[in-house]
Chemist: 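Please see the structure below; I have some questions.
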Number of protein chains: 2
Amino acid sequence: MARRHQDYACGEGCPVEAALEIIGAKWKGGIVYHLLAGETRFSELGRRMPNVTARILAKALRELEADGVIARTVYPTIPPQVGYRLTEEGERLRPAILELHRWGSRPRGVFDIAAE
Amino acid sequence: MARRHQDYACGEGCPVEAALEIIGAKWKGGIVYHLLAGETRFSELGRRMPNVTARILAKALRELEADGVIARTVYPTIPPQVGYRLTEEGERLRPAILELHRWGSRPRGVFDIAAE
DNA sequence: CGGTATCCGAGATGATACTG
DNA sequence: CAGTATCATCTCGGATACCG
């Protein structure tokens, strides 16, 4: 997760691996996907992803922020609000995320479900 | 890795998460990327991804095969050869993989490298 | 060549409780 | 509301050695 790529020749630093190291961790893809819709609050993300705990969500958000994919904005209101949005860098992920969404959405054979 | 999605509403079974559960694991993105070029042998994959051990590579290949992304062909030659290629399902991943590759290839700021 | 069999540690994930 | 602190767990990835 923290490991960045060193070179861009496929092998050790394959760009695909590099990208997946940043958004491939659990929940991160979902986070970026939800942020495609625009700035979203912490609690709203939690509501849209009911299976992730606050700790894990916060950790993923901090890592995505460190990787320059998202930005965090604190609104000093009462109660406090924090919004997350994609950076320019994160916004450039849109086509990839949408393609993943398309692929993951297509009805798979009955096999997968049966194999459950 | 084995867990498939049950519903397609983002939340627990987000399609993006579903896709990343299949190709998000370490090395899997790279494997699929290399297979975009066509059928490739086990040893050739190992050569192109020097940092993955045979055990891990074999494990990832078996999982991708179980998920219907790749197909395995054994040629009973001497010495034995085994080829891996994308299935139709896997082939449909091409746009997503290429987008990830594009995103991962772009020169990032010096920050990332320096942060290392 | 193309794998498997063991063993192992690190880090990712998670449940729960608490706080500015 | 938006987290953090602590503790427990557990799966993934890897090292090493061996096999048909």
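Chain letters run A, B, ... following the sequence lines, proteins first and then strands; every chain starts at 1.
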Chemist: Measure the distance from CG on B/Leu20 to C1' on C/dA12 and round it to the nearest whole Å.
Modeler: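 It is 16 Å, rounded to the nearest whole Å.
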Chemist: Does D/dG14 have OP1 or OP2 under 4.0 Å away from a side-chain N or O of B/Lys26?
Modeler: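 For D/dG14, OP1 or OP2 has a side-chain N or O of B/Lys26 closer than 4.0 Å.
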Chemist: In the structure I gave you, are the side-chain heavy atoms of B/Pro80 and B/Tyr75 within less than 4.5 Å of one another anywhere?
Modeler: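 Side-chain contact under 4.5 Å: no.
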Chemist: Considering only heavy atoms from C-beta outward, does the side chain of A/Leu98 approach that of A/Leu36 to under 4.5 Å?
Modeler: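 In short, these two side chains touch, coming nearer than 4.5 Å.
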Chemist: With salt bridge (Lys or Arg N to Asp or Glu O under 4.0 Å) as the rule and sequence neighbours excluded, what pairs involving residues 74-88 of chain B come up?
Modeler: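 For residues 74-88 of chain B, and leaving out neighbouring residues, the salt bridge (Lys or Arg N to Asp or Glu O under 4.0 Å) pairs sorted by first residue read B/Glu88-B/Arg92.
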Chemist: Take atom NZ of A/Lys59 and atom C1' of C/dA15, then tell me their distance rounded to the nearest Å.
Modeler: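 Value for this atom pair: 16 Å.
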Chemist: Test your reading of the model: is there a side-chain donor-acceptor pair from B/Thr40 to the backbone of B/Gly38, 3.5 Å cut-off?
Modeler: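 Looks like yes, one N/O pair under 3.5 Å.
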Chemist: Mind calculating the distance between NZ (A/Lys28) and P (C/dG11) to the nearest angstrom?
Modeler: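 One finds 15 Å between P of C/dG11 and NZ of A/Lys28, rounded.
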Chemist: Do B/Trp27 and B/Leu57 touch side chain to side chain, with heavy atoms closer than 4.5 Å?
Modeler: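 Counting from C-beta outward, B/Trp27 and B/Leu57 never come under 4.5 Å.
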Chemist: Taking CG from A/Leu57 and C1' from C/dT13, how many angstroms apart are they, rounded to a whole number?
Modeler: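 Answer to the nearest Å: 13 Å.
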Chemist: So A/Ile97 and A/Ile23, side chain to side chain contact (heavy atoms under 4.5 Å, CB included) or not? Walk me through it.
Modeler: CA-CA 9 Å; A/Ile97 296 291; A/Ile23 63 154; 4.0 Å; yes
Chemist: Any side-chain N or O of A/Trp27 less than 4.0 Å from the OP1 or OP2 oxygen of C/dA12?
Modeler: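 Looking at the OP1 and OP2 atoms of C/dA12, neither is under 4.0 Å from any side-chain N or O of A/Trp27.
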Chemist: Can you check nucleotides 8-10 of chain D for protein contacts, nitrogen or oxygen pairs under 3.5 Å, and list what you find?
Modeler:
none

Chemist: Would you please name every residue forming a side chain to side chain contact (heavy atoms under 4.5 Å, CB included) with B/Glu91, sequence neighbours left out?
Modeler: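 Expected list: B/Leu86, B/Arg94.
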Chemist: Drop me the distance from B/Glu44's CD to B/Leu35's CG, to the nearest 0.5 angstrom.
Modeler: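 Interatomic distance, B/Glu44 CD to B/Leu35 CG, rounded to 0.5 Å: 11.0 Å.
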Chemist: Send over the distance from B/Glu63 CD to D/dC12 P, rounded to a whole Å.
Modeler: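 Those two atoms, CD and P, are 7 Å apart.
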Chemist: How bent is the helix from C/dC1-D/dG20 to C/dG20-D/dC1, measuring the angle between the end axes built from five pairs each, rounded to 10°?
Modeler: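 Nearest ten degrees gives 60° for this helix.
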Chemist: Specify the separation, in whole Å, of atom CD1 of A/Ile31 and atom C1' of C/dT13.
Modeler: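 After rounding, the gap between these two atoms is 13 Å.
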Chemist: Apply side chain to side chain contact (heavy atoms under 4.5 Å, CB included) to A/Val82 and list each qualifying residue two or more places apart in sequence or on a separate chain.
Modeler: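 Testing A/Val82 for side chain to side chain contact (heavy atoms under 4.5 Å, CB included), a comparison that skips the adjacent residues, returns A/Arg72, A/Val74, A/Tyr84.
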Chemist: What is the distance, rounded to the nearest whole Å, between atom CD1 of A/Ile56 and atom P of C/dA15?
Modeler: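 Distance check: A/Ile56 CD1 to C/dA15 P gives 9 Å.
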Chemist: Does this structure show an ion pair linking A/Glu17 with B/Lys26, if we count only N-O contacts that are shorter than 4.0 Å?
Modeler: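 Salt bridge: no.
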Chemist: Show the distances under 3.5 angstrom between N or O atoms of the protein and N or O atoms of nucleotides 1-3 of chain D.
Modeler:
residue, atom, partner, partner atom, Å
D/dC1, O3', A/Arg41, NH2, 3.1
D/dC1, O3', A/Pro80, O, 3.1
D/dA2, OP1, A/Arg41, NE, 3.1
D/dA2, OP1, A/Arg41, NH2, 3.4
D/dA2, OP1, A/Val82, N, 3.1
D/dA2, OP2, A/Ser43, N, 2.9
D/dA2, OP2, A/Ser43, OG, 2.6
D/dG3, OP1, A/Arg72, NE, 3.3
D/dG3, OP1, A/Arg72, NH2, 2.6
D/dG3, OP2, A/Tyr84, OH, 2.6

Chemist: Examine distances only and state if a side-chain atom of B/Thr87 and a backbone atom of B/Gly68 form a donor-acceptor pair shorter than 3.5 Å.
Modeler: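 Present.
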